[in-house]
Amino acid sequence: MHVRVGENTVEVQAGESVGQVLAKALSGKAYKNTVVARYGDALIDLSSPVPAGCEALTPVAADSPEGLDVVRHSAAHVMAEAVKKLFPKAQVTIGPAIEHGFYYDFAFERPFTPEDLVAIQAEMDRIVAANHPFFCRTASREEAAAVFDKMGEQYKLEVLEAIPGDTVTLYTQGGFTDLCRGPHVPSTGFLKAYKLTHVAGAYWRGDDKRPMLTRIYGAAFADANALKKYLHHLEEAKKRDHRRLGTQLDLFSFSEEAGAGMVIWHPKGALVRTILEDFERKEHLKRGYHIVQGPQLLKRELWERSGHYENYRENMYFTEIDEQAYGVKPMNCLSHMLIYKSRMRSYRDLPLRYFELGVVHRHEKSGVLHGLLRVRQFTQDDAHIICRPDQLQEEIIAIIDFVRDVVGLFGFEFEANLSTRPEKSIGSDEAWELATNALIQALEGAGLPYQLNEGDGAFYGPKIDIKLKDALDRRWQCATIQCDFTLPERFDLMYTGADGERHRPAMLHRVILGAVERFMGVLIEHTTGAFPTWLAPVQARILTVTEAHDAHAQVVVDRLRNAGIRAETDLRNEKLGYKVREAQMEKIPYMLVIGDQEMEQRAVNVRLRSGENLGLKDVEEVMDLILEDCQAPFKRGGMRYNFCQ
RNA sequence: GCCAGCGUAGCUCAGUUGGUAGAGCAGCUGAUUCGUAAUCAGCAGGUCAGGAGUUCGAAUCUCCUCGCUGGCUCCA
């Protein structure tokens, strides 16, 4: 028989392995880099015999996305072998490939320590040096169960039970056998670059009712250079950490005395978020929203009626006023519905869009708090759109456009998810189906690609989530659009139709930035603290060479401020280099230097934070430059928001 | 909440086997009047997160509380 490999066709003898066939078809160099082969839709081990009827095989290189997965997963096997050798009593569970490497979860009488990691890594090095081949064999369920029972691997037996079919595949390398569907690299020597990074606890089966296992994480790449690059990338990402930049740039802080998860905004941080919030108010007014404001505390009965008390109580804070129980709001929807209910509504009034920069409190578990990205008090740019069911589609598409405008303004790349009905939820099946379909149709209408996230919706309705990435590529949910038929029913929202009858409106919950705090955190990491000029707390700093230039600096700063530019002077008795360095570290967009020459010509010398020097410029010209810079991102994004005026 | 690791001056970090703490930057004072990422000198600054215990003696060992970090579960 003949098999095609790329452009070559090679003859295959009976009993030849995939690897042998590829070796014939490829150059030595290309073959050396091959870890598995693609056969149809599946990946296949190089040691496998060529399947009957096989027409084509594609080599998969170690540094391809698929190949990397194989390398990483094989590294997990090697790590498990090393752990079993050093700690024979440890039980293995599962060990998949992940984004930059792999992990493996172990059940052991004690957690592993950083010193253990060093020993495990050394043992892995020995296993790799020995270059043991990965053997694959097919076994019946009974046979496999006997193997793991004998080894005392209780968790593997449980994994085995969950696998469908009569047979399973077992992989053995060196002295270690694992239940695995494969594929793997041909032998342990193919692992060129891996490093165990940290240990963490992880619940068995991801269930917090079940035992906690010890997870060992490792990074793995096709070659040492790629691994080195990744470790360097981690170091660089640390410099972009918003918590570090928040301190460096004096934007915000946390205080042990104030409490966990409570942000304290310093002048510069508070200024940035105020500008962001002003921008949002204007954008919302432009798009037909009404700005509203509700109370921070609402009576407990109201939360019972909404279903929050039943479904969300453990995340809420309660207090008492004159023997009446109150709940601190974790969401803003209730008062918005009360506004709707404050009078009769006609079909002509709809849609009604209520917007609130609402401060909410949520009792997040202590272990999940994370800088600005996960806090206990935060401000949502929240809106509730109450509309007729026939208006839903159009409204959802308008929101998606809004999100695209704003997220695009900052240059974020984003991912969209559609989250469907969770186990713990309220409302009828019909309502859920209607709501889910509305979201799907809007996504398709807006041409937004999305991933399905089954069972991840809010308890009252399905949602579209938009996720942004932080410095370490972790994804954080920011914008979300939730479709809700349940709360309008619970609160008996009504409108009078053209037919004179009373009808039930639908409700959309949505945020654009999500939480101002979280968005600021992601934005700080995205920009490394170098905010776009329109958001920069200080847009221009005037730097004098000596005190002889102070008076002119004062004239210049007054002119800039009058034009609405956030400018300040640095008149300190320091060398120019020192002042430049400080302004540079504060990421101030415009440094305006004044010395003898500038004073003579009533001008300034312009330095940008990029290091670029624009030379001598007229003050008027510089003001235009800065104002233009403020508006540039909006013009690019097709928005006509005019921040400076 | 769970698992692990941490908490030393405003910030970044030293601190050997237990013998009551140091550096750089920032701050203050003085000198210097200087052209695009750090001028020099001096001074001051800490109940070593908080509490309890072991010990003749604790930043260091043990326990508890608070907080932080990385994961897990959960979530904007």
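Labels below follow one simple rule: chain letters A, B, ... track the order of the sequence lines, proteins then strands, and each chain is numbered from 1. Hydrogens, waters and symmetry mates are skipped; everything else that's a heavy atom, side chains included, is used.
- Among the heavy atoms of the strands, none lies under 4.0 Å from A/N315.
- Residue contacts for A/K463: at a heavy-atom cut-off of 4.0 Å it reaches the sugar-phosphate backbone alone, with no base atom in range.
- Every stem involving RNA chain B, taken as at least 3 paired positions in a row under the Watson-Crick or G-U wobble test at 3.5 Å, is listed here: B:1-7 with B:66-72, B:10-13 with B:22-25, B:27-31 with B:39-43, B:49-53 with B:61-65.
- Separating the C1' atom of B/C48 from that of B/A14 is a span of 13 Å, rounded to the nearest Å.
- Here B/C74 presents its P atom at 17 Å from CZ of A/F459, a figure rounded to the nearest Å.
- Going from atom CZ of A/R205 over to atom P of B/C72 covers 17 Å, rounded to whole Å.
- The distance between the ring centers of A/H198 and A/Y217 falls below 6.0 angstrom.
- Per the geometry, CG belonging to A/N417 stands 14 Å off P belonging to B/C75, to the nearest Å.
- When the shell of 6.0 Å around CD of A/Q293 is examined, it contains 12 or fewer heavy atoms from other residues, nucleotides or ligands.
- Residue contacts shown for A/V375 include a base, since a base heavy atom lies under 4.0 Å away.
- With hydrogens and angles left out, the side chain of A/R374 and the base of B/C74 share a donor-acceptor pair within 3.5 Å.
- Comparing the P positions of B/U16 and B/U8 gives an interatomic distance of 15 Å, to the nearest angstrom.
- When the P atom is compared between B/G18 and B/A58, the two are found 13 Å apart, to the nearest whole Å.
- Residue A/R210 has no polar side-chain atom (N or O) positioned under 4.0 Å from OP1 or OP2 of B/U73.
- Residue contacts for A/E257: at a heavy-atom cut-off of 4.0 Å it reaches no nucleic acid atom on any strand shown.
- For the pair A/Q584 and B/A37, the criterion of a side-chain N or O lying under 4.0 Å from OP1 or OP2 is not met.
- Atom CD1 of A/I98 is separated from atom CZ of A/F102 by 8.5 Å, given to the nearest 0.5 angstrom.
- Residue A/V580 places its side chain closer to B/U36 than to any other of B/A76, B/C75, B/U36.
- In this entry the distance linking CD of A/E314 with P of B/C74 reads 13 Å, nearest Å.
- A/L373 has its CG atom 12 Å from the C1' atom of B/C75, to the nearest Å.
- Side-chain contact of A/Q477 with A/R518: a donor-acceptor pair under 3.5 Å is absent, judged by distance alone.
- For B/A76, the base is stacked against the aromatic ring of A/F378, per a cut-off of 5.5 Å between centres and 30° between planes.
- Nearest to the side-chain atoms of A/D208 among the listed nucleotides B/A37, B/C34, B/U73 stands B/U73.
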I'd like a table of atom pairs between the protein and nucleotides 61-71 of chain B - only N or O on both sides, under 3.5 Å - with the distance next to each one.
unit_1, atom_1, unit_2, atom_2, d
B/C66, O2, A/E256, OE2, 2.9
B/U69, OP1, A/R243, NH1, 2.8
B/G70, OP1, A/R243, NH1, 3.4
B/G70, OP1, A/R243, NH2, 2.9
B/G70, OP2, A/R243, NH1, 3.3
B/G70, OP2, A/H370, ND1, 3.0
B/G70, O2', A/H198, NE2, 3.3
B/G71, OP1, A/R474, NH1, 3.2
B/G71, OP2, A/R474, NH1, 3.2
B/G71, O3', A/Y217, OH, 3.1
B/G71, O2', A/Y217, OH, 3.1
B/G71, N2, A/G201, O, 3.4

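- In the model, A/W303 has no side-chain atom that pairs as donor or acceptor with a side-chain atom of A/E310 under 3.5 Å.
- Aromatic ring orientation, A/H233 versus A/H100: tilted (interplanar angle from 30° to 60°).
- Checked against the 6.0 Å centroid criterion, the rings of A/Y460 and A/Y312 do not qualify as a close aromatic pair.
- In the displayed structure, A/E454 atom CD is contacted under 6.0 Å by at most 12 heavy atoms of other residues, nucleotides or ligands.
- B/G1 and B/C75: their C1' atoms are spaced 14 Å apart (whole Å).
- Of the C1' atoms belonging to B/G10 and B/G30, the separation is 23 Å, rounded to the nearest Å.
- For A/D550 and B/C34, the CG to P distance is 13 Å, given to the nearest whole Å.
- Within the 4.0 angstrom heavy-atom criterion, base atoms lie near A/E598.
- Taking both residues in full, the closest heavy atoms of A/F355 and A/D381 are given as CE1-C, 3.7 Å, listed atom of the first, atom of the second, then distance.
- Using a 4.0 Å heavy-atom distance criterion, A/D207 is classed as making no nucleic acid contact.
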Could you pull out all donor-acceptor pairs under 3.5 Å where a side-chain atom in residues 593-604 of chain A meets a protein atom, sequence neighbours excluded?
unit_1, atom_1, unit_2, atom_2, d
A/D596, OD1, A/H549, NE2, 2.8
A/E598, OE1, A/G595, N, 2.7
A/E598, OE2, A/N605, ND2, 3.0

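- B/A38 and B/G51 are spaced 43 Å apart, taking the C1' atom of each and rounding to whole Å.
- Checking A/H363 against A/Q380, the closest nucleotide of RNA chain B that is more toward the 5' end is the one next to A/H363.
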Please tabulate the protein-to-nucleotide N/O contacts below 3.5 Å involving nucleotides 39-43 of chain B, giving atom names and distances.
none

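- Aromatic rings from A/H526 and A/F410 are positioned such that their centres are separated by 6.0 Å or more.
- A donor-acceptor contact under 3.5 Å is not formed by the side chain of A/E364 with the base of B/G1.
- Here B/C25 presents its P atom at 17 Å from CD of A/Q248, a figure rounded to the nearest Å.
- Ionic pairing of A/E415 and A/R475 is present here: one or more N-O contacts between side-chain nitrogen and carboxylate oxygen are shorter than 4.0 angstrom.
- Rounded to a whole angstrom, the distance from the P atom of B/A44 to that of B/G24 is 14 Å.
- Evaluation of the salt bridge (Lys or Arg N to Asp or Glu O under 4.0 Å) rule for A/R215 yields A/D105 as partners, not counting sequence neighbours.
- Nearest-nucleotide positions on RNA chain B for A/K365 and A/V593 put A/K365 closer to the 5' end.
- Among the protein residues, A/G595 comes within range of the nucleic acid bases, having at least one heavy atom under 4.0 Å from a base atom.
- Regarding A/D570, its CG atom lies at a distance of 14 Å from the C1' atom of B/A37, rounded to whole Å.
- If you look at A/H284 and A/F402, their ring centroids are closer than 6.0 Å.
- For the C1' atoms, the distance from B/G5 to B/C74 is 22 Å, rounded to whole Å.
- The salt bridge (Lys or Arg N to Asp or Glu O under 4.0 Å) check on A/E123 picks up A/K85, A/R126, with sequence neighbours excluded.
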